[in-house]
Student: 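Quick one: structure below, then a few questions.
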Protein chains: 2
Amino acid sequence: MDYVCSVDYAFKRIGGKYKGRIIWYIHNFDNTLRYGELKRKLENITPKMLTQALRELEADGLVHRKVYHEVPPKVEYSLTDTGQELVPFIRHLKDWADAQIEKVKSSDVAEYDGRQ
Amino acid sequence: MDYVCSVDYAFKRIGGKYKGRIIWYIHNFDNTLRYGELKRKLENITPKMLTQALRELEADGLVHRKVYHEVPPKVEYSLTDTGQELVPFIRHLKDWADAQIEKVKSSDVAEYDGRQ
DNA sequence: CAGGATCCCCTGCGATACTG
DNA sequence: CAGTATCGCAGGGGATCCTG
């Protein structure tokens, strides 16, 4: 992978439409989620995109893939140590976002005062 | 803007190819950078993309735009308070990325031991 | 200097169908 | 259940030229 600075590098690794949420969801469920559970939580994701995102996260060493050779098949995804290191970052980002969302909601009302 | 969860919301606000670096660079230069300085630091960005990213960051309340009505024109960009709140997280992410980059570099060598 | 306007391309993402 | 395989598209991003 090529990148121009480490901030660029980081965003390329966890950017995209789903990777942040995938990491967050796996973390929030005892660090273990099956493929189908992830798919349900991400709601509208297609199997192609989910598989692609998971494969990239695995190749990047952020997510571990454990296959149970049974019928029916069972595959569990968990965060690696490196992946877990990202959790505090995502948590703080999430807190910031929650605050932002609240702020916008209240300013929808307060806006009228603002412009006199 | 629509989003399905706050993690999604956050990534939509600072995602994309340049926004993270823009915030980081502005912060790293006393919280004030002119348009041309930003453009030079981002190296290969086109004026269209830079202007677009800055306008979105401004609309999102993360960046402040100060125009000096002179000839030649001068425009300075700085982080708002809300924008500054993101700096610690980006720094955290950057530290993680720096460690990752180091790890990959050394494993290029160590890999041979690993596979026996 | 700090952009705006146009045209264009690539790829990230989606829809659908199929399989071990 | 946990994926592959194809096909297709919209829009994020790029190249180039122009301007107050």
Side-chain angles (χ1 to χ4, degrees), chain A residues 1-5 7-23 25-26 29 32-60 63-78, chain B residues 1-5 7-23 25-26 29 32-60 63-78:
Chain A
M1 172 176 289
D2 51 336
Y3 56 91
V4 295
C5 89
V7 174
D8 186 44
Y9 172 94
F11 272 90
K12 282 187 175 169
R13 271 191 152 45
I14 62 171
K17 195 169 179 179
Y18 302 105
K19 287 184 181 175
R21 290 169 67 201
I22 289 176
I23 294 173
Y25 290 158
I26 293 179
F29 285 83
T32 305
L33 271 183
R34 296 182 60 174
Y35 182 90
E37 294 174 318
L38 259 174
K39 187 157 160 36
R40 229 171 301 119
K41 292 182 191 310
L42 291 163
E43 300 200 29
N44 286 330
I45 194 171
T46 60
K48 172 190 161 186
M49 290 315 299
L50 178 54
T51 299
Q52 181 179 309
L54 286 168
R55 290 293 189 281
E56 288 177 12
L57 288 170
E58 193 191 357
D60 284 348
V63 157
H64 177 67
R65 180 169 181 265
K66 182 172 184 183
V67 183
Y68 293 81
H69 294 283
E70 328 172 331
V71 182
K74 175 177 170 184
V75 179
E76 283 179 352
Y77 292 93
S78 55
Chain B
M1 171 176 290
D2 51 335
Y3 56 92
V4 295
C5 90
V7 174
D8 186 44
Y9 172 93
F11 273 88
K12 283 189 174 168
R13 270 193 153 42
I14 62 170
K17 195 168 179 181
Y18 301 106
K19 287 183 181 178
R21 290 169 66 202
I22 289 176
I23 293 173
Y25 289 159
I26 293 179
F29 285 84
T32 306
L33 271 184
R34 297 183 58 176
Y35 181 90
E37 293 174 319
L38 260 173
K39 186 157 161 39
R40 229 170 301 118
K41 291 181 192 311
L42 291 164
E43 298 199 30
N44 285 332
I45 194 172
T46 60
K48 171 190 162 186
M49 290 314 299
L50 178 53
T51 299
Q52 180 180 308
L54 286 169
R55 290 294 190 279
E56 289 178 11
L57 289 170
E58 194 192 358
D60 283 347
V63 157
H64 177 66
R65 182 168 179 265
K66 181 173 183 182
V67 182
Y68 293 82
H69 294 284
E70 323 172 334
V71 182
K74 176 178 170 184
V75 179
E76 283 180 353
Y77 292 92
S78 54

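Just so it is clear: chains get the letters A, B, ... in the order the sequence lines come, proteins before strands, and each one is counted from 1. On a predicted model such as this, the values are computed, not experimentally measured, just so you know.
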Student: Return the nearest nucleotide to the side chain of Thr51(B); candidates are dG4(C), dG20(D), dG14(C).
Tutor: dG4(C)
Student: So which one's nearest nucleotide on DNA chain D is more toward 5', Gln52(B) or Pro47(B)?
Tutor: Gln52(B)
Student: So, does Tyr77(A) get its side chain near the phosphate of dG3(D), meaning an N or O under 4.0 Å from OP1 or OP2?
Tutor: yes
Student: Are any of Lys17(A)'s side-chain N or O atoms less than 4.0 Å away from OP1 or OP2 of dG14(C)?
Tutor: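 True: Lys17(A) side-chain N/O within range (under 4.0 Å) of dG14(C) OP1/OP2.
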Student: Over 60° means perpendicular and under 30° means parallel, so classify the ring planes of Tyr35(A) and Tyr77(A), tilted if in between.
Tutor: tilted
Student: For Asn44(B) and dA15(D), what is the distance between atoms CG and P respectively, to the nearest whole Å?
Tutor: 8 Å
Student: Report, as yes or no, whether the 6.0 Å neighbourhood of atom CD on Glu43(B) holds more than 12 heavy atoms from other residues, nucleotides or ligands.
Tutor: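 Counting neighbours around CD of Glu43(B), 12 or fewer heavy atoms of other residues, nucleotides or ligands fall under 6.0 Å, so no.
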Student: So what does Lys39(A) hit on the nucleic acid, given a heavy-atom distance under 4.0 Å: a base, only sugar-phosphate, or nothing?
Tutor: nothing
Student: Within the structure, does a side-chain N or O atom of Arg34(B) lie under 4.0 Å from either OP1 or OP2 of dC1(C)?
Tutor: no
Student: Tell me whether the side-chain N/O atoms of Arg55(B) come closer than 4.0 Å to OP1 or OP2 in dG4(C).
Tutor: yes
Student: For Leu50(A) and dG3(D), give me the distance from atom CG to atom P, rounded to whole Å.
Tutor: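 Interatomic distance, CG of Leu50(A) to P of dG3(D): 8 Å.
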Student: Considering all heavy atoms of both residues, which atom of Ile14(A) and which atom of Lys19(A) are nearest to each other, and what is their separation?
Tutor: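 Closest approach of Ile14(A) to Lys19(A): O-CB, 3.7 Å.
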Student: Would you name the heavy atoms of Ile26(B) and Ser78(B) that are closest together and state the gap between them?
Tutor: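 Minimum heavy-atom separation between Ile26(B) and Ser78(B): CG2-CA, 3.8 Å.
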Student: For the atom pair OG1 (Thr46(A)) and NZ (Lys39(A)), what is the distance rounded to the nearest 0.5 Å?
Tutor: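 The NZ atom of Lys39(A) is 7.0 Å from OG1 of Thr46(A), to the nearest 0.5 Å.
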Student: Find the distance Glu76(B):CD to dA2(C):P and express it as a whole number of Å.
Tutor: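 My rounded result for the distance is 10 Å.
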Student: Please figure out whether Pro72(A) or Lys48(A) has its closest DNA chain D nucleotide nearer the 5' end.
Tutor: Pro72(A)
Student: Is the shortest side-chain N/O distance from Arg65(A) to OP1 or OP2 of dG3(D) below 4.0 Å?
Tutor: yes
Student: Rounding to an integer number of Å, can you tell me how far Leu42(B) CG sits from dG3(C) P?
Tutor: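 The distance from CG of Leu42(B) to P of dG3(C) comes to 14 Å, rounded to the nearest Å.
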Student: Between P on dA2(C) and CE on Met49(B), what's the gap in Å once rounded to a whole number?
Tutor: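 It is 19 Å, rounded to the nearest whole Å.
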Student: For a quick check of understanding: with a heavy-atom distance under 4.0 Å over all strands, which category does Tyr18(B) fall into, base, sugar-phosphate or nothing?
Tutor: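 Sugar-phosphate contact only - Tyr18(B) comes under 4.0 Å of backbone atoms but never of a base.
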Student: In whole angstrom, what separates Glu56(A)'s CD from dG3(D)'s C1'?
Tutor: 16 Å
Student: Could you tell me the separation between the CG atom of Leu54(A) and the P atom of dG3(D), rounded to a whole number of Å?
Tutor: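 Nearest whole value for this atom pair: 8 Å.
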Student: When the distance from NZ of Lys12(B) to C1' of dC13(C) is rounded to whole Å, what number comes out?
Tutor: 13 Å
